[in-house]
Engineer: 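Below is the structure I would like to discuss, written out as structure tokens.
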Amino acid sequence: MTTRQIDRIWLFLVVATGVAWWLGEGSGGGAVNALVLALALAKGTAVIRDYMGLRGVRPPVPWVVLGWLVLVLAVIGVCFLPAAGR
Amino acid sequence: MPITPETALAPDGTHRPARDGSLPGDLAVWIFIVAELLVFAVFFISYAIARGQDVVLFDAMQRTLDRNAGAANTLLLVTSSWCVARAVAATQQNLTTVAARWLLGGLACGAGFLVIKALEYAAKFSAGVSLSSNNFYMFYLSLTFFHFLHVILGMVVLAVLWQGIRKRRYHPGNLSGLESGAAYWHMVDLVWLVLFPLIYVMH
């Protein structure tokens, strides 16, 4: 991981945070929530692979940590579906 | 320091590519990190299920939160993660003084997070909000305070790492402790990257 890559990822994280904040100002709903979750997935994956240093590391730890992120966001997504829990 | 296969720099100026797929830091720390993530997963999923039982209440209460403060805290945590990643990269290049400065930057961002969160709590408590106000605030206060405690612990870890860098305990031939502490701090950031959209944004 070069310092330039580290800087690019930070820039992506900042921009994605701004987009998520802006989406939260709107009326919300299924499509917006899906986009917010997709942003969280992209941000989390960048942190796990590039900042935590798990890119290219042998399993199982990278799978477990990435699997945690995917599973948690997927369950949240299902729970936020319009018909869920009603 | 003598130049050995362990301390030699890769062509891109970093040490990491010679790692050969091995885990950065100590395995024990990664087991601790995974355990922490599982606890937070229970919190997150419980919140999402509870919201599904009372969407009107949760959406109404979410509007009482300061989303700007939540976004500012997200920016502070991702910036602190950036500083810590740069500190590790600087140590890989044996730039001790530079690494110590980056870690101080990470600590400053962590302190900024705590100040903003404390101001948020103060505003809520002065408005009469408590754990027993309703289900939303029970989750909001317990989840964010649990994370708040992790930020404090992470800052203690960063302070110890900063001392270690200043005493030249970490260098390209000995990165394990630094990488372990950095991974813990990134875990604190990672958890917030789920918490922020879940509690402040999605409705």
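Residue numbers start from 1 in every chain, and the chains themselves are labelled A, B, ... in the order their sequence lines are given, proteins ahead of strands.
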Engineer: Taking A:Val64 as the fixed residue, which of B:Val34, B:Leu38, B:Leu37 is the one that meets the side-chain contact (heavy atoms from CB on, under 4.5 Å) rule?
Structural biologist: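 Only one of B:Val34, B:Leu38, B:Leu37 forms a side-chain contact (heavy atoms from CB on, under 4.5 Å) with A:Val64, namely B:Val34.
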Engineer: Flag the one option from A:Val61, A:Ile9, A:Leu23 with the top tally of heavy-atom pairs under 4.5 Å to chain B.
Structural biologist: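 Winner by heavy-atom pair count: A:Val61.
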Engineer: Is it the case that B:Thr74 and B:Tyr200 place a side-chain donor and acceptor less than 3.5 Å from each other?
Structural biologist: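 No, no side-chain donor-acceptor pair sits under 3.5 Å.
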Engineer: Does atom CZ (B:Arg67) have a neighbourhood of more than 12 heavy atoms from anything else shown, all under 6.0 Å?
Structural biologist: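 For B:Arg67, atom CZ is crowded (more than 12 foreign heavy atoms under 6.0 Å).
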Engineer: Identify which of B:Trp30, B:Trp185, B:Phe44 forms the greatest number of heavy-atom pairs closer than 4.5 Å to chain A.
Structural biologist: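 Sorted descending by pairs with chain A, the first entry is B:Trp30.
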Engineer: Taking all non-hydrogen atoms of both residues into account, name the closest pair between B:Ala182 and B:Val84 and its distance.
Structural biologist: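 Residues B:Ala182 and B:Val84, closest heavy atoms: CB-CG1, 3.5 Å.
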Engineer: Need one label for B:Val78: side chain, backbone, both or neither, based on atoms under 4.5 Å from any heavy atom in chain A.
Structural biologist: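 Both backbone and side chain.
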Engineer: Does any backbone or side-chain atom of A:Leu39 lie under 4.5 Å from a heavy atom of chain B? Answer side chain, backbone, both or neither.
Structural biologist: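 When you check distances to chain B, no heavy atom of A:Leu39 falls under 4.5 Å.
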Engineer: In terms of heavy-atom pairs under 4.5 Å with chain A, which of B:Ala85, B:Ala183, B:Pro197, B:Gly70 leads?
Structural biologist: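 Top count of heavy-atom pairs under 4.5 Å with chain A: B:Ala85.
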Engineer: Sort B:Asn68 into side chain, backbone, both or neither according to what part of it lies under 4.5 angstrom from a heavy atom of chain A.
Structural biologist: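 Both the backbone and the side chain of B:Asn68 come within 4.5 Å of chain A.
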Engineer: Measuring heavy-atom distances to chain B, does A:Leu41 have an atom under 4.5 Å in its side chain, in its backbone, in both, or in neither?
Structural biologist: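 Neither part.
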Engineer: If I measure from the heavy atoms of chain B, does A:Leu73 come under 4.5 Å with its side chain, its backbone, both, or neither?
Structural biologist: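 Only the side chain of A:Leu73 comes within 4.5 Å of chain B.
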Engineer: Looking at B:Val194, B:Leu190, B:Asp59, which makes the most heavy-atom pairs under 4.5 Å with chain A?
Structural biologist: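 Among the listed options, the one with the most contacts to chain A is B:Leu190.
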Engineer: So, do B:Leu65 and B:Phe136 sit near enough that their side-chain heavy atoms are less than 4.5 Å apart?
Structural biologist: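 Yes; the side chains approach each other to less than 4.5 Å.
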Engineer: Any non-hydrogen side-chain atom of B:Met61 less than 4.5 Å from a side-chain atom of B:Asn134?
Structural biologist: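 A side-chain contact under 4.5 Å exists here.
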Engineer: What part of A:Ile48 gets within 4.5 angstrom of chain B, counting heavy atoms only: side chain, backbone, both, or neither?
Structural biologist: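 The side chain, not the backbone.
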Engineer: Please look at A:Trp68 and chain B and tell me whether the side chain, the backbone, both or neither of the residue comes under 4.5 angstrom of a heavy atom of that chain.
Structural biologist: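 For A:Trp68, the contact with chain B is made by the side chain alone.
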Engineer: Please report whether the ring centroid of B:Phe196 lies less than 6.0 Å from that of B:His147.
Structural biologist: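 When the ring centroids of B:His147 and B:Phe196 are compared, they turn out to be at least 6.0 Å apart.
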Engineer: State, yes or no, whether a side-chain contact exists between B:Arg51 and B:Leu198 at a heavy-atom distance under 4.5 Å.
Structural biologist: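 Heavy-atom side-chain distance check fails, nothing below 4.5 Å.
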Engineer: Below 4.5 Å from any heavy atom of chain B, which atoms of A:Val32 appear? Answer side chain, backbone, both or neither.
Structural biologist: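 Neither the backbone nor the side chain of A:Val32 comes within 4.5 Å of chain B.
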